[in-house]
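Each remark here refers to the structure printed beneath this line.
We name chains A, B, ... by the order of the sequence lines, and we start the count at 1 in each one. Computed from a prediction, not measured in an experiment: that's the story for all the values here.
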Amino acid sequence: MIFEIADVIISGLINGSVYALMAVGLTLIYGVSRAFNFAYGSFYSLGGYIAFLLFGLSFINSYFLVFLLAAPILLLFGFFVEKALVAPLRKRDDWEIKVMMITLGLALLLDNAYQVIFGARMKSLPPFLGGAFEAGDFYLSHQDVGIFFLSIGGILVFRWFLNNTRTGMSVRAVAQNPAGAQIVGIPKEFVFAATFAISTVMVGMGGILLAQKYFITPMGGWDILVKAWVITAFGGMGSIRGGLYAAFIVGMLEAFVGWYFGMTWTLIVLFAVLLTTLAVRPQGLMGKWG
Amino acid sequence: MLRVTQVTKKFGELTAVNNLSFEVAQGQVFGIAGPNGAGKSTVYNLITGLYDFEGSISFKDQNISGMTPHCIARLGIARTFQIPQTFPSLTVAKTVEVGSYFGSQTGFDRGHVNEVLAFVNLADKREAPTGSLNLLDKKMLMIGAALATRPEILMLDEPMAGSNSKEILRLMDLIRRINQDLGVTIILIEHFMKVLTELTQKLLIIETGTEICCGDPREVTSDPRVIECYLGDSHD
């Protein structure tokens with residue numbers, strides 16, 4: 001029983017860490033530009049498919065190389081999408097709704113493109129690390145440990161970037177005060193595009209990390225979009241700290257509900273969390289950038 | 001130095017600025033006044049590129065109409081807002097650094113940041129979070145962030161609003177030092193006529209986005225059209 005509960009806690013922590021990486025990206029876009037990206041789940045799948053393609057190349061034999069090559073591809077893709085599809089809408093009335101609609105359209109386009117290019121069957125990636133820690137009934141795979149530390153590492157790198165780089169400083173300034181940021185010379189449009197690109201890298205990396213456990217499918221991103229949205233709303237729209245707390249709470253909740261009631265109950269419980277949050281505390285745990 | 005020529009801005013049916021023209025000379029303290037809703041802040045928003053408009057605005061003979069706000073800031077036009085637009089999670093020093101990093105054409109200069117902090121009397125609060133400052137210090141800070149961009153023109157939007165008489169004297173002293181010691185041209189929106197007559201060399205009065213009169217502050221403030229604009233029509 002104790003080992004079972006330990007397993008559940010570890011599973012919750014590992015999923016929570018990857019959810020945190022992805023939810024921070026989603027809340028970052030909303031916190032900075034007030035835009036909600038409905039294609040976020042499809043960017044998760046994109047990360048998995050890019051890794052799948054890279055592993056097909058003869059000279060790629062390690063995850064280090066995959067991350068090294070996938071990150072700039074995702075960054076450029078996110079930057080291009082923002083500049084080509086999202087930025088032109090910002091000057092129009094009700095642009096937030098229009099951004100939701102166009103990213104929804106992009107999600108459908110990407111998911112169907114994945115189906116045409118890669119087929120409907122699920123794709124798998126090789127394990128990140130082999131072996132496991134074992135002690136009696138206790139079992140913890142090295143892969144899970146690696147996923148946990150890579151996700152936490154990704155979040156720490158992101159935190160360092162926000163606090164210690166010129167672009168990070170501009171992202172924080174635009175998030176807190178877009179008008180004030182512009183008049184001290186910060187290019188707001190570039191910051192919006194950079195934020196979108198960074199969040200694409202974060203969710204794409206999440207896609208590569210989780211694809212080792214849950215496979216890659218053309219429609220697999222929708223589940224992630226829903227979870228990231230629940231976490232973002234639960235933590236507080238635009239609050240990075242709130243998103244981190246919410247990601248681990250949701251990861252843990254999902255693990256315990258799956259273990260006790262069965263996996264079919266997890267989404268029901270997540271939606272119950274979302275509804276309760278919106279009804280009782282619409283601003284979420286933190287409610288603002290933090 | 002700054003030339004605003006036949007500028008008009010409409011928001012739907014409302015004409016906020018109507019065929020307005022004026023010129024600001026280098027080294028001048030230029031005042032803009034008018035009743036609430038006269039379009040003063042809109043004029044600032046047009047000059048700093050926050051809104052598009054009809055007409056033209058040029059800075060040092062370069063047409064800046066249609067430029068983005070950050071490009072205009074980097075050209076040398078800085079501004080503040082009536083309500084200080086701070087970055088609550090950044091410290092005082094970081095806020096000024098933002099101006100130096102992004103707005104200065106000569107690039108980031110830590111020495112200049114320190115000089116600016118001392119100039120606006122915030123050197124001893126450099127590590128304080130912006131959110132913890134009182135209103136006067138927030139105003140000083142955002143003037144500091146603007147100065148860190150090394151502006152040639154500084155546009156101040158009602159800096160005295162919400163200040164007591166002691167604070168007004170401090171702000172007036174700061175504006176004089178920015179103009180005289182740093183050689184920065186100032187454009188000042190203000191309601192306090194005493195402040196305008198003491199600080200400015202030229203004063204523009206607008207109402208509903210249209211010029212009422214423009215010239216020497218003492219002559220302008222005694223103009224019957226300005227008195228009527230501020231006090232209403234007399235029935236005596």
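Atoms CE and CG, on M169(A) and L90(B) in that order, are 7.0 Å from each other to the nearest 0.5 Å. Here I183(A) contributes atom CD1 and H70(B) contributes atom NE2; the two are 13.5 Å apart, rounded to the nearest 0.5 Å.
Smallest separation of non-hydrogen atoms from P69(B) and Q182(A): CG-OE1, 3.0 Å.
Contact annotation: the side chain of I186(A) approaches that of F102(B) to within less than 4.5 Å [non-hydrogen atoms, C-beta and beyond]. With contacts defined as side-chain heavy-atom distances shorter than 4.5 Å, the pair P187(A)/R74(B) qualifies.
T86(B) touches chain A through its backbone: at least one of N, CA, C or O sits under 4.5 Å from a heavy atom, while the side chain does not. Residue I72(B) does not touch chain A at all, counting heavy-atom pairs closer than 4.5 Å.
Annotation for R177(B): atom CZ counts as buried by contact number, over 12 foreign heavy atoms lying within 6.0 Å. The environment of CZ in R90(A) is crowded: more than 12 heavy-atom neighbours from other residues, nucleotides or ligands sit within 6.0 Å. Within 6.0 Å of CE on M100(A) lie more than 12 heavy atoms contributed by other residues, nucleotides or ligands. Environment of CD in Q26(B): sparse, with no more than 12 heavy atoms of neighbouring residues, nucleotides or ligands closer than 6.0 Å. Heavy-atom contacts from other residues, nucleotides or ligands closer than 6.0 Å to CZ of F149(A) number 12 or fewer. Counting non-hydrogen atoms of neighbouring residues, nucleotides and ligands closer than 6.0 angstrom, the CD1 atom of I83(B) reaches no more than 12 such neighbours. Within a 6.0 Å radius of CZ in F11(B), other residues, nucleotides and ligands contribute more than 12 heavy atoms.
Within the cation-pi definition used here (under 6.0 Å to the ring centroid, within 45° of the axis), R172(A) does not qualify as a partner of F87(B).
Of residues 139-163 of chain B, those residues with a non-hydrogen atom less than 4.5 Å from any non-hydrogen atom of chain A are, in numerical order, A145(B), T149(B).
The main-chain N or O of Y101(B) is found under 3.5 Å from a side-chain atom of R166(A) such that the two form a donor-acceptor pair.
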